[in-house]
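Note sheet for the following structure.
Residue numbers count from 1 along this sequence. Here the structure is a predicted model, which is why all the values come from computation and not from measurement. Atoms considered below: every heavy atom in the structure, side chains included; atoms not considered: hydrogens, waters and symmetry mates.
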Amino acid sequence: MVDVTSQMSVQTAAAAKPSARRYYVLGLLTVIYALNFLDRTIFNVLIEPIKKEFALSDTMMGLLAGFGFALFYSLLGIPIARVADRLNRRNIVAVAFAFWSAMTALCGAATSVTSLALARIGVGIGESAGSPASQSIVADLFAKNERPRALGIYAIGTYLGVFLGYFVGGYVNQHFGWRMAFYVAGLPGILLAAVLWLTISEPKRGAMQESFVPEPLGPTLRFLASQRSFIVVLIGFCLTTYTNYATAAWIPPFLARVHHLSSAEIGTYAGTFKGLAGMAGTLLGGFVVAQISRRDDRWKLWAPAITSGLAGPVFALCMLTQDFAMMVAMLALTSFLVGFHLGPIFAIAQTVAKPSMRALASALIALTATCFGQGVGPLAVGMVNDALKGSYGAEAVRYSLLSAAVTTTLGALLFVWAARSIRNDIGRAAA
């Protein structure tokens, strides 16, 4: 058993490190995470011009936006995360960041749907290494009760990237074309990867625990599988991530087809009301859950369950209303509510796993959810779009997106279930 007094003194000493240094690392990793989502999201606002140039169906665009990216992202993420549990995580993030940034730029040079698909696969391969290693670094800089706040800050990169992706993609596409949008999104990341390499160092692994003991893969997977809250949260997060990625991919075409906005207008409305509202929800979620869960760890899941459950009917109203102002308001509220759960869920993956398992636990959560959410979400909506096109025309996307209202509601119910075992699982991870 762990000596609790000794563990608390270790955590207090680690937390006493200069805050500026810890938050510099957190801030830089958050920016990198934002560019991760910028590079994957910018494709979404470019769906219409790419579809037109290559004469593709919505189903094919769904494959390119989702499954083509997510398959390799998920397949490679687990082994790379295992390496990150053993080797220098700073180096892994820096190399991966430079690679996916270069592949994003190459999307702009695509001369066929095949070359575009290969470049998208390259983006997925690079991005699979970034988040698990980054979250493991953050977990070694912040103690258990600080992690929802720290990972809430980190998680705003999701919506900051969406915000930038919509704005950059919309504006640059309208004025300079979709190829230039990919160049603008990808090339700066190569320079920032060098900044990461040169300015931060690898933190001591397991700094917030009394000891760190590496474990083989088999026992690691068996332990995580025995943590009921981890497994149920993983399934629930798959469902809420479907909502995130399905809307991220198809809100721009929805705004173009149903509300007849230009590319720059789509960037403005989607970036502002989906991106910024999501950032606000994510940041608030991390801070609120860090505070209210101090006395009862179940709030780490109860709070995300409440907001994810509310997001379902709000998004259904967003899709069904004919009023543009109401649609925009409900889109913003949906993004706020769905964003609220990201930091706490990331923190769960770090908190119910032992220090030697954190990168792998993060990868299992993020990559499984991405494979389902980004792989299935955009593809499913695209397929339904094509199926309903004959009956509803441009309005088909309005009805196909309603599936996202259902999945976030189901995810909320699973978070409530997982809360029943969270306290026991945290104790087992600390033992």
Side-chain angles (χ1 to χ4, degrees), residues 25-45 65-66 68-74 76-77 80-81 84 89-107 119-138 151-169 181-182 184-197 200 241 244-245 248-249 271 274-275 278-279 282 339 342-343 345-346 349 359 362-363 365-367 369-371 373-375 378:
V25 175
L26 176 60
L28 185 56
L29 292 176
T30 300
V31 171
I32 291 170
Y33 192 50
L35 293 182
N36 176 313
F37 271 84
L38 164 63
D39 290 348
R40 72 173 75 175
T41 299
I42 196 167
F43 184 91
N44 301 335
V45 80
F69 170 95
L71 178 62
F72 286 87
Y73 179 93
S74 300
L76 294 177
I80 292 174
R89 294 163 290 181
R90 186 276 313 269
N91 294 348
I92 291 171
V93 175
V95 171
F97 184 28
F99 179 78
W100 89 59
S101 298
M103 296 305 294
T104 298
L106 284 176
C107 287
R120 285 285 291 173
I121 288 170
V123 175
I125 291 171
E127 291 189 359
S128 68
S131 189
S134 295
Q135 291 184 40
S136 180
I137 291 172
V138 173
L151 287 167
I153 293 172
Y154 175 81
I156 68 172
T158 299
Y159 287 101
L160 178 58
V162 170
F163 170 75
L164 292 173
Y166 286 149
F167 263 102
V168 171
F182 281 119
V184 172
L187 294 177
I190 298 173
L191 297 177
L192 192 58
V195 173
L196 171 70
W197 185 286
I200 77 167
T241 302
N244 258 332
Y245 284 115
K274 182 172 172 57
M279 288 171 58
T282 303
L342 291 179
I345 296 303
F346 287 164
S362 172
I365 288 281
L367 302 178
T370 298
C371 188
Q374 185 161 10

Got a second to check how far [X]'s [atom1] is from [Y]'s [atom2], nearest 0.5 Å?
X: Leu35; Y: Leu192; atom1: CG; atom2: CG; value: 6.0 Å
X: Thr282; Y: Leu342; atom1: OG1; atom2: CG; value: 4.5 Å
X: Thr158; Y: Leu38; atom1: OG1; atom2: CG; value: 12.5 Å
X: Asn36; Y: Phe97; atom1: CG; atom2: CZ; value: 9.0 Å
X: Ser131; Y: Tyr154; atom1: OG; atom2: OH; value: 3.0 Å
X: Thr30; Y: Leu151; atom1: OG1; atom2: CG; value: 9.0 Å

| task | For the pair Phe43 and Thr104, evaluate side chain to side chain contact (heavy atoms under 4.5 Å, CB included) and give the outcome as yes or no after the intermediate values. | result | CA-CA 9 Å; Phe43 184 91; Thr104 298; over 6 Å; no
| message | Going by the rule ring pair (Phe, Tyr, Trp, His ring centres under 6.0 Å), which residues pair with Phe37 if we only count those two or more places apart in sequence or in a different chain? | response | Tyr33
| Pairing residues for Tyr166 by the ring pair (Phe, Tyr, Trp, His ring centres under 6.0 Å) criterion, not counting sequence neighbours | none
| task | Test Phe167 against Val45 for side chain to side chain contact (heavy atoms under 4.5 Å, CB included), laying out the working first. | result | CA-CA 9 Å; Phe167 263 102; Val45 80; over 6 Å; no
| Do the side chains of Gln135 and Ile365 get nearer than 4.5 Å, heavy atoms only? | no
| request: Indicate whether any N or O donor in one side chain lies under 3.5 Å from an N or O acceptor in the other, for Tyr245 and Asn44. | output: no
Restricting to non-hydrogen atoms, name the atom on [X] and the atom on [Y] that form the minimum distance, rounded to 0.1 Å.
X: Ala129; Y: Ala133; result: O-CB, 3.8 Å
X: Leu187; Y: Ala105; result: CD2-CB, 3.9 Å
X: Gly161; Y: Thr41; result: O-CB, 4.5 Å
X: Ser101; Y: Gly189; result: OG-CA, 3.3 Å
X: Glu127; Y: Arg40; result: OE1-NE, 3.0 Å
X: Ile42; Y: Ala185; result: CD1-CB, 3.7 Å

| Can you list every salt bridge (charged side-chain N to carboxylate O under 4.0 Å, His left out) pair that touches residues 128-137, not counting sequence neighbours? | none
| message | For the backbone of Ser134 and the side chain of Arg89, can you confirm whether one donor and one acceptor N or O come within less than 3.5 Å of each other? | response | no
| said: Taking Ala65's backbone N and O only, do any of them form a donor-acceptor pair with Gln374's side chain (distance below 3.5 Å, no angle check)? | reply: yes
